[in-house]
Amino acid sequence: MAKPVMQQINRSRARLASCAALSTIVFLAGCGMRPKPMPLAEHIKRADADHATIEAHYVPLSGDLTLGTAIARALKFNYDSQVAKLEINQQEKQLDLALMQMLPRLSADAGYTDRSNNNAAESIDEFSNQRSLDYSYSEMPTHGSGDISFSWNAMDAGISYFSARQQAFRALIAVERRRRAINDLVKAVTTNYWEAAAAQVMLPRLDPIIHDAENMLAASQDAGNAHLQSPLTLLDYQQNIIQILGEMRRIKDELVGAQIQLASLINVPQDTHLNLATHPQDVQPLDHMDMPTLERMGLVMRPELRMEVYQQKVDRQDVYKEILKMMPGIGAIGNGNFDSNALLYHHIWGQIGVRATINLINMIQGPRAIAVAKGNVRLSELRRLALSVAILAQINLSAQKYVTAVDFLKSSRQINNVSLQMEQLAVSASAAGAQSEANRVRHQMAALLGQLEYSRSLAHTHQALADLYASIGADLVPANADIQDLTHLTAQVEHSISQWEDGRLPDLTLPDNVRSPDAGDKTVPVATPVPQAAPPASPVAQTQAPPPVPQAG
C-alpha cells in the first residue's frame, strides 16, 4: 500500500516541477517580447548604411538630358518604380503558392522510442471486475516507427481554389497599381523637367539682376538717410524694389527646387549640373476637346477604377467560399506504416479510408457570413461608382486647367513683350542720359520678372497637358514594359511622347467579333478623332519660338 502512495507523491512533485518550469519559461518569454527602442548608435549606423547604398546606386548622366531620357531613367532607376515592379513579382509568387495549396496533403513521419523499463500493464475483467492477467507488455522498450500519410478534402480543395482566384486578381491589382505609379512618376518628371528647363534659361540672368536690385535698394536707403530726395518718393521706390526682389527670390527658389527634384527622380546626386536639351516652347490653344470621349476613356483606362473592379471580384470569391463552408467536407485518407517493435506480428501495414464531416456551427453562422460577403461586394461596387464620379471631375478639371493655362500663357506672352519693349527704351534713354541708371535697372528687373512668368507659364502649360493625359489614364509605357535596356526604353518613351504631342489617344474600338456585355448587339462605339479628343496636331509640336532673351545692360 505504501508503494502506490509514494508513486502518487512522486507524480505530484513531478507535475509541480513541470508547472514551475513552464511558468518560468512563459515569464521570461513575456519579458523578452517587450519592445525596446533602438539606441541612437543603431539609428546612426543604419542612416550611414542607407546613405552609402543610395550613393553607390547613383547612375552617372552623360550628355544632354531630354524629356524622354529623363522619364526612361526615372522608370529604370527610381526606387518607387522598383517597389511597384517588385510588388507584382511578389504577388505572382503568392499566386504560385496559392495554387500549391490545392494539392493533397502528403506527410511523412518517423520516430524512435527508448524507455527505461517495459510498458507493462495488467487487465481487469469487465464483468467480474477481477484481475484477469498478470502484468504484461506488447511493446519493446526500444523501437522505431515511421509512416507516410496522404489526405485530401474536397471542401478544403474548393476553398483553396477560390483563394487562388483571389490571389490571381490581387496580382492584377498589383499590375494596375504599377500603372498608377508609372503615371504619377511620368507626371512628376514632366512637371519638374519643364520647370528645370525654365530655370536653365532664367537663372543665369536672375542672380546679376538681384544683385543690382540690392545695390539700388541700398543706394536708395543711403539717399534717404542723407535727405537727398523726398521721403515719400524714396519709400515708394523702395517698396517697388522690395516687392520685385521678393517675387524674384520666390521664383528662384521654385526653379532651383525643380532642378533638385528632377535630379532625385532620375537617380543622380542632387547637386549634379543638368544640361537639358529641350527648352520650353510655346504652344497653340486647342480649338475643341471632345469631353465625352475623354470621360469615357478615363472610365476605361484609369488604373484606380480597374483596381476596384478586381477588388470586387476578390470580394465575390468570399461569397463562394462561405457557401462552400456550409457543405459537408468529404475527404480520403491513406497511409503506410512501419514499426520495428519485435512483439508485433505485422511490422508493415497500410490503411485507407473515406470520411465525411460537417461543421454544424457553420450551418448557423453561414447565412450571416454569406450576407457579410455579399455586402462587401455591393460596397466595392458603390465605392467604384463614387470613384468614377471623382475621376470624371478630375478629367473635366484637368481639361479646364489646360485651357486656363493656355489663356494665361497668352497674357504672359503679351506682358513679356511689353516689358521687353520698355526695357529696350529704358536702356536707350539711360545711354542717352535721359533717365537715371536706377530706372534702367528697375525696368530690367520688371522685364526679367515678366520673362520669368512667361517661362513658368510655358512650363505650366506643358504640365497641364501631362495632367490631362494622366487624368484619362493614358499610359506612356505599359506596366509590363522592359525597363532593363535603357536605350530601348528611352526610344519607346520618346515614341510615346511624339504620339502624345500629336494628340493620339489609345484606340478603344472593339473588333467586330467582340461585343460589349451590356450593349446588346452594338459594338462599343468610340469616336476618337485626334483633333477633338486631344491636342490637335500637337499643342507641343506646333511651337513658336519664345522672344529673344535680352542681355543685362
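Computed from a predicted model, the values in this text were never measured in an experiment. Note that the numbering runs from 1 along the sequence shown for the chain. Side-chain atoms are counted along with the backbone in the values below, which use heavy atoms only and exclude waters and symmetry mates.
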J.: Does a side-chain heavy-atom distance below 4.5 Å link Val493 with Ser496?
T.: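 No, too far: nothing below the 4.5 Å cut-off.
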J.: Could you give me the CA-CA distance, side-chain angles and deciding distance for Gln166 and Lys313, then say whether side-chain hydrogen bond (donor to acceptor under 3.5 Å, both in side chains) is met?
T.: CA-CA 7 Å; Gln166 286 180 316; Lys313 294 181 180 294; over 6 Å; no
J.: Side chain of Ser340, backbone of Gly144: donor and acceptor closer than 3.5 Å?
T.: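 Indeed, once roles are kept as given, a pair shorter than 3.5 Å links the two residues.
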J.: Does any part of the side chain of Gln463, heavy atoms only, come nearer than 4.5 Å to the side chain of Thr190, both counted from C-beta?
T.: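 They are not in contact (no side-chain heavy atoms under 4.5 Å apart), so the answer is no.
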J.: Under a 4.0 Å N-O cut-off, is there an ion pair linking Glu176 with Arg179?
T.: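 A salt bridge is present here (some side-chain N lies under 4.0 Å from a carboxylate O).
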J.: Would you compute the distance between atom OH of Tyr469 and atom OG of Ser398 and round it to the nearest 0.5 angstrom?
T.: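 Taking OH in Tyr469 and OG in Ser398, the distance rounds to 13.0 Å.
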J.: I want to check something: taking the side chain as every heavy atom from C-beta on, are Val268 and Arg73 in contact at a cut-off of under 4.5 Å?
T.: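 A side-chain contact under 4.5 Å exists here.
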J.: Considering residues, nucleotides and ligands other than Ile352, do more than 12 of their heavy atoms fall under 6.0 Å from its CD1?
T.: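 At most 12 heavy atoms, drawn from other residues, nucleotides or ligands, come within 6.0 Å of this atom.
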J.: Give a yes or no answer on whether the side chain of Asp485 reaches the backbone of Thr487 with a donor-acceptor pair at less than 3.5 Å.
T.: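 Such a contact is found between Asp485 side chain and Thr487 backbone.
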J.: If you compare all heavy atoms of Glu195 against all heavy atoms of Ala258, which two are closest, and at what distance to 0.1 Å?
T.: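 Looks like CB-CB, 3.2 Å.
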J.: Roughly how far apart are Leu397 CG and Leu468 CG, rounded to 0.5 Å?
T.: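 Reported to 0.5 Å precision, the distance equals 11.5 Å.
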J.: About how many Å separate CG of Leu344 and CE of Met140, when rounded to the nearest 0.5 Å?
T.: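 If we round to the nearest 0.5 Å, Met140:CE and Leu344:CG are 10.5 Å apart.
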J.: Nearest 0.5 Å, what's the NE2-CG distance between His51 and Asp48?
T.: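 Spacing of NE2 (His51) from CG (Asp48) equals 9.0 Å.
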J.: Report yes or no: do Asp339 and Asn337 form a side-chain donor-acceptor pair below 3.5 Å?
T.: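 Side chains of Asp339 and Asn337: no pair found under 3.5 Å.
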J.: May I ask you to check whether Thr142 and Asp114 show a side-chain donor-acceptor distance below 3.5 Å?
T.: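 A pair is found: one side chain offers a donor N or O, the other an acceptor, under 3.5 Å apart.
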J.: Of all the heavy-atom pairs spanning Ser471 and Ile391, show the shortest one and how long it is.
T.: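 Looks like O-CG2, 4.3 Å.
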J.: Is the shortest heavy-atom distance from the side chain of Leu465 to the side chain of Tyr402 under 4.5 Å?
T.: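 Yes, at least one pair of side-chain atoms sits under 4.5 Å.
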J.: In terms of side-chain geometry, is the basic nitrogen of Glu87 or Arg177 positioned less than 4.0 Å from the acidic oxygen of its partner?
T.: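 Yes.
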J.: Apply the test side-chain contact (heavy atoms from CB on, under 4.5 Å) to residues Arg170 and Gln94: give CA-CA distance (whole Å), side-chain angles for both, the deciding distance (0.1 Å), then the verdict.
T.: CA-CA 9 Å; Arg170 292 190 184 100; Gln94 290 288 341; over 6 Å; no
J.: Would you confirm whether Arg115, through its side chain, and Asn117, through its main-chain N or O, come within 3.5 Å as a donor-acceptor pair?
T.: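 Checked: pair present.
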J.: Per the side-chain hydrogen bond (donor to acceptor under 3.5 Å, both in side chains) rule, which among Glu308, Gln312, Gln311 passes with Arg384?
T.: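 The option that passes is Gln312.
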J.: Would you call Asn183 and Pro303 a side-chain contact if the rule is heavy atoms closer than 4.5 Å?
T.: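 Yes, close enough: below the 4.5 Å cut-off.
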J.: Can you tell me if Glu122 has over 12 outside heavy atoms packed within less than 6.0 Å of its CD?
T.: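 Yes.
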J.: Which atom names give the shortest non-hydrogen contact between Ile173 and Tyr310, and what distance separates them?
T.: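 The answer is CG1-CB, 3.4 Å.
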J.: Would Ser123 and Arg131 satisfy side-chain contact (heavy atoms from CB on, under 4.5 Å), going step by step from the backbone distance to the final call?
T.: CA-CA 6 Å; Ser123 299; Arg131 178 177 176 183; over 6 Å; no
J.: Drop me the distance from Leu476's CG to His495's NE2, to the nearest 0.5 angstrom.
T.: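 Rounded to the nearest 0.5 Å, the CG-NE2 separation comes out at 10.5 Å.
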J.: Could you give me the CA-CA distance, side-chain angles and deciding distance for Ile472 and Met301, then say whether side-chain contact (heavy atoms from CB on, under 4.5 Å) is met?
T.: CA-CA 6 Å; Ile472 63 175; Met301 300 294 296; 5.9 Å; no
J.: What is the distance from atom CG of Leu99 to atom OG of Ser160, rounded to the nearest 0.5 Å?
T.: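 Leu99 atom CG to Ser160 atom OG measures 10.0 Å (nearest 0.5 Å).
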J.: Would you say the side-chain atoms of Asp315 and Ser380 include a donor-acceptor pair closer than 3.5 Å?
T.: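 Yes, Ser380 and Asp315 have a side-chain donor paired with an acceptor closer than 3.5 Å.
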J.: Please find the pair of heavy atoms, one from Ile266 and one from Phe77, that lie closest to each other, and give the distance.
T.: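 Closest approach of Ile266 to Phe77: O-CD1, 4.4 Å.
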J.: Would you kindly say whether Asn396 and Glu295 are connected by a side-chain donor-acceptor distance under 3.5 Å?
T.: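 Yes - a donor-acceptor pair under 3.5 Å links their side chains.
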J.: Are Gln394 and Arg302 packed together at the side-chain level, in the sense that at least one heavy-atom pair is separated by less than 4.5 angstrom?
T.: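 Yes - at least one pair of side-chain heavy atoms lies under 4.5 Å apart.
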J.: Can you name the closest pair of heavy atoms from Ala74 and Leu185 and give their distance?
T.: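 Looking at all heavy atoms of both residues, the closest pair is O-CD2, 3.4 Å.
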J.: Taking C-beta and beyond as the side chain, do Ile182 and Leu75 meet within less than 4.5 Å on heavy atoms?
T.: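 A side-chain contact exists here, since the closest heavy-atom pair is under 4.5 Å.
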J.: Does atom CE of Met38 have more than 12 heavy-atom neighbours from other groups under 6.0 Å away?
T.: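 Yes, enclosed.
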J.: For Glu322, is there an ion pair with Lys325 - N to carboxylate O distance below 4.0 angstrom?
T.: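 A salt bridge links Lys325 with Glu322.
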J.: Show your reasoning for whether side-chain hydrogen bond (donor to acceptor under 3.5 Å, both in side chains) applies to Thr69 and Thr66.
T.: CA-CA 5 Å; Thr69 304; Thr66 64; 2.8 Å; yes
J.: Is Leu276 close to Leu262 at the side-chain level, that is, under 4.5 Å between some pair of heavy atoms?
T.: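 Yes. Closest side-chain heavy atoms under 4.5 Å.
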J.: Determine whether the side chains of Ser149 and Asp147 contain a donor N or O and an acceptor N or O closer than 3.5 Å.
T.: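 There is such a pair (donor and acceptor under 3.5 Å, judged by atom type) between the side chains of Ser149 and Asp147.
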J.: State, to 0.1 Å, how close Asn341 and Ser138 come at their nearest heavy-atom pair, and which atoms those are.
T.: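 Scanning both residues completely, I find the closest heavy atoms to be ND2-O, 2.9 Å.
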J.: Do Gln167 side-chain atoms and Ala98 backbone N/O form a donor-acceptor pair below 3.5 Å?
T.: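 No, Gln167 side chain to Ala98 backbone: no donor-acceptor pair under 3.5 Å.
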J.: Quick check: are there more than 12 heavy atoms from other residues, nucleotides or ligands sitting under 6.0 Å from OH of Tyr137?
T.: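 No, because the 6.0 Å sphere around OH of Tyr137 holds 12 heavy atoms or fewer from other groups.
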J.: Quick check: are there more than 12 heavy atoms from other residues, nucleotides or ligands sitting under 6.0 Å from CZ of Arg355?
T.: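 No.
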J.: Would you find a donor on one side and an acceptor on the other, under 3.5 Å apart, between the side chain of Tyr79 and the backbone of Asn267?
T.: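 Not at all, since once roles are kept as given, no pair shorter than 3.5 Å links the two residues.
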J.: Take Met326 and Ile358 through the side-chain contact (heavy atoms from CB on, under 4.5 Å) test and state the conclusion after the steps.
T.: CA-CA 8 Å; Met326 297 180 62; Ile358 184 170; over 6 Å; no
J.: Output, in order, the C-alpha distance, side-chain angles, deciding distance and verdict of side-chain hydrogen bond (donor to acceptor under 3.5 Å, both in side chains) for Gln317 and Arg165.
T.: CA-CA 7 Å; Gln317 307 309 307; Arg165 284 178 58 86; 3.1 Å; yes
J.: For the residue pair Tyr320 and Phe162, categorise the inter-ring angle as parallel (less than 30°), tilted (30 to 60°) or perpendicular (more than 60°).
T.: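 Because their plane-to-plane angle lies in the 30° to 60° range, the rings of Tyr320 and Phe162 count as tilted.
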